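This one's a predicted model, so the numbers in the text were calculated from it and none came from an experiment.
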Amino acid sequence: MKFAYEDMSDDQFEKLIVFLCQHLLGISVQGFAKGPDGGRDAKFVGTSELHPSKAAPWVGTTIIQAKHTNGYNRNFSEPDFFSTKAANTVLAKEIPRIKKLREAKQLDHYMLFANRRLAGNAESEIREYIATQCGIPASSIYLCGLEQLEVLLKTFPDVARKVDLDPVDSPLIVSPDDLAEVVQALARQKDSVSALLDDPPTERVTYEQKNLLNNMSAEYAKAQRRKYLKETAQIRAFLAAPENLELLRMYESVVDEFQLKIIAKRKDYQTFDDVMEYLVDLLFNRDPVLRQHAHKRLTRAVLFYMYWNCDIGEVSDATAD
């Protein structure tokens, strides 16, 4: 029954929440089209059927938000999601929108769903924070994390069938696990790799031609080459070392997965700059090893190596040396 929520797209997760809220509140829960949502993903007007209970249902306008992350094992208390001091957290950015709806008398109750773990003390703190900031009674605020989401989906199993999640519609999601092992090992051995060359490595494919094929902007390509080209020699030497055969196999497994996913989802991105930055953000978000400060540059260097070495990206019109 349990969904891999982190592998859903934002749209898929939002659709799941809308169907679920139709059970909790009523069939007239209205989802909104993709775009600036003004602090709302869905809305219900009327008397709710089940929430918070049949005996004391909410009455009025309920605004529903779905906050999705592709990260593993995330929680509501992480500083990027909630902090009483920071202004650039997920919740801090929503507060002005919620206040605006409240002041315009377009919000009586507020529901926030996220695929994050929600501890009891965090639930109380965040609910009181929203109540104080937005002038909403705490009793009119509902926070739902992974634990309660699982309970609700078991209570309403038909929601999963209604959503009918299709793998074809899934986002560009790749696993960071093998790459994290390669990056960690490379970081440990980097200083001892003796094949760092003064001259840059020979291109397998004309870089400019590959960039045209993949619609990578000249500015982005130049910046990537300037920052990471020299490191490709070390990475190549590291992967070629006999003692690193298992890591080479991991690397090959990673690039196979990345390339096939990129091919399948390439149409969703305007430029290859977008693909590269999306992959970087996704990898850092999903794996604590890769997002360590010491490993961030090396992760980007390995991704550049994949592109430079023609392991990812379009190469159909390129010729080998």
>> Quick one, Asp311 and Phe258 - any side-chain contact, counting heavy atoms below 4.5 Å?
In response: no
> Can you check whether Met306 reaches Leu179 side chain to side chain, under 4.5 Å on heavy atoms?
Replying inline: yes
> Which heavy atom of Phe284 sits nearest a heavy atom of Leu290, and at what distance?
Replying inline: CE2-O, 3.3 Å
> Within the distance-only criterion (no hydrogens, no angle test), does the side chain of Tyr207 pair as donor or acceptor with the backbone N or O of Ala221 below 3.5 angstrom?
Replying inline: yes
>> If you compare all heavy atoms of Cys144 against all heavy atoms of Phe76, which two are closest, and at what distance to 0.1 Å?
In response: O-CZ, 3.7 Å
> Looking at Arg97 and Glu94, does any basic side-chain N land under 4.0 Å from a carboxylate oxygen?
Replying inline: yes
> Counting distance only, does the side-chain N/O of His295 pair as donor-acceptor with the main-chain N or O of Val289 below 3.5 Å?
Replying inline: yes
> Should Tyr307 and Gln224 be marked as a side-chain hydrogen bond (donor to acceptor under 3.5 Å, both in side chains) after you check the CA-CA gap, both sets of side-chain angles, and the distance that decides it?
Replying inline: CA-CA 10 Å; Tyr307 181 78; Gln224 289 272 294; over 6 Å; no
> Any side-chain heavy atom of Tyr278 sitting closer than 4.5 Å to one from Lys265?
Replying inline: no
> Among side-chain atoms of Tyr5 and Glu150, is any donor-acceptor pair under 3.5 angstrom?
Replying inline: yes
> Does Asn75 offer a backbone N or O that forms a donor-acceptor pair with the side chain of Glu78 under 3.5 Å?
Replying inline: yes
> Just how far is it from atom SG of Cys21 to atom CG of Leu16, taken to the nearest 0.5 Å?
Replying inline: 9.5 Å
> Taking atom CD of Glu219 as the centre, does the number of heavy atoms from other residues, nucleotides or ligands within less than 6.0 Å exceed 12?
Replying inline: no
> Of all heavy-atom pairs between Ile136 and Tyr110, which one has the smallest distance, and what is that distance?
Replying inline: CD1-CB, 4.5 Å
>> Donor-acceptor pair, distance only, cut-off 3.5 Å: does the side chain of His68 make one with the backbone of Met8?
In response: yes
> Do you reckon Ile98 sits in the same ILVMFWY cluster as Val45, going by side-chain contacts under 4.5 Å, direct or chained?
Replying inline: no
>> Check whether Asn215 reaches the backbone of Phe272 with its side chain - one donor and one acceptor, N or O, closer than 3.5 Å.
In response: no
> Atom CG in Leu112, atom OH in Tyr142: separation rounded to 0.5 Å?
Replying inline: 10.5 Å
> Should we say atom CD of Glu147 is surrounded by more than 12 heavy atoms from elsewhere, each under 6.0 Å from it?
Replying inline: yes
>> Assess the residue pair Thr62 and Val29 against the criterion (side-chain contact (heavy atoms from CB on, under 4.5 Å)); give the C-alpha distance rounded to whole Å, side-chain angles, the decisive distance to 0.1 Å, and a yes or no.
In response: CA-CA 9 Å; Thr62 301; Val29 169; over 6 Å; no
> Any chain of hydrophobic side-chain contacts (each under 4.5 Å) joining Leu25 to Leu50?
Replying inline: yes
> How long is the gap from OG1 on Thr299 to CG on Asp287, to the nearest 0.5 Å?
Replying inline: 8.5 Å
> Can you tell me if Arg266 uses its side chain to pair, donor with acceptor, with the backbone of Asn214 under 3.5 Å?
Replying inline: yes
> Is any side-chain heavy atom of Tyr251 closer than 4.5 Å to a side-chain heavy atom of Tyr305?
Replying inline: yes
>> Quick one, Ser217 and Thr271 - any side-chain contact, counting heavy atoms below 4.5 Å?
In response: no
> Can Phe44 be reached from Phe156 by stepping across I, L, V, M, F, W or Y side chains whose heavy atoms are under 4.5 Å apart?
Replying inline: yes
> Glu231 and Arg297: salt bridge (Lys or Arg N to Asp or Glu O under 4.0 Å), yes or no, with the steps?
Replying inline: CA-CA 10 Å; Glu231 297 196 45; Arg297 178 182 171 83; 2.9 Å; yes
> Quick check: does any side chain N or O of Thr206 sit under 3.5 Å from a backbone N or O of Glu208, one acting as donor and the other as acceptor?
Replying inline: no
>> For Asp80, run the salt bridge (charged side-chain N to carboxylate O under 4.0 Å, His left out) check against Arg116, Lys93, Arg291 and tell me which one passes.
In response: Arg116
> Considering only heavy atoms from C-beta outward, does the side chain of Met111 approach that of Leu143 to under 4.5 Å?
Replying inline: no
> Considering only heavy atoms from C-beta outward, does the side chain of Val182 approach that of Asp178 to under 4.5 Å?
Replying inline: no
> Are Tyr220 and Val302 in one and the same hydrophobic cluster, where Ile, Leu, Val, Met, Phe, Trp and Tyr link if side-chain heavy atoms are under 4.5 Å apart?
Replying inline: yes
> How many angstroms lie between OG1 in Thr84 and OH in Tyr129, if you round to the nearest 0.5 Å?
Replying inline: 7.0 Å
>> Tell me the closest heavy-atom pair linking Ala66 and Ile17, and the distance in Å.
In response: CB-CG1, 3.9 Å
> Quick one: CZ on Arg236 to CD on Gln234, what's the gap to the nearest 0.5 Å?
Replying inline: 12.0 Å
> What are the two closest heavy atoms between Ala131 and Ile141, and how far apart are they?
Replying inline: N-CD1, 3.5 Å
> What closest approach, in Å, do Ala114 and Phe13 show between heavy atoms, and which atom pair accounts for it?
Replying inline: C-CZ, 4.0 Å
>> Do Leu91 and Phe81 have side chains that approach each other closer than 4.5 Å (heavy atoms only, starting at C-beta)?
In response: yes
>> Go through it in stages, so that I can follow the logic: the residues are Thr232 and Asn309, the test is side-chain hydrogen bond (donor to acceptor under 3.5 Å, both in side chains), and I'd like the CA-CA distance, side-chain angles, deciding distance and then a yes or no.
In response: CA-CA 9 Å; Thr232 60; Asn309 203 47; over 6 Å; no
> For the hydrophobic clusters of this structure (ILVMFWY residues joined by side-chain heavy atoms under 4.5 Å, transitively), does one cluster hold both Leu107 and Val59?
Replying inline: no
> CZ of Phe19 to CD1 of Ile27: how many Å apart, nearest 0.5 Å?
Replying inline: 8.0 Å
> Between Asn211 (side chain) and Met216 (backbone), is there a donor-acceptor pair under 3.5 Å?
Replying inline: no
> Would you find a donor on one side and an acceptor on the other, under 3.5 Å apart, between the side chain of Arg74 and the backbone of Thr69?
Replying inline: no
>> Given 3.5 Å as the limit, does a donor-acceptor pair link the side chain of Asn244 with the main chain of Leu247, or not?
In response: no
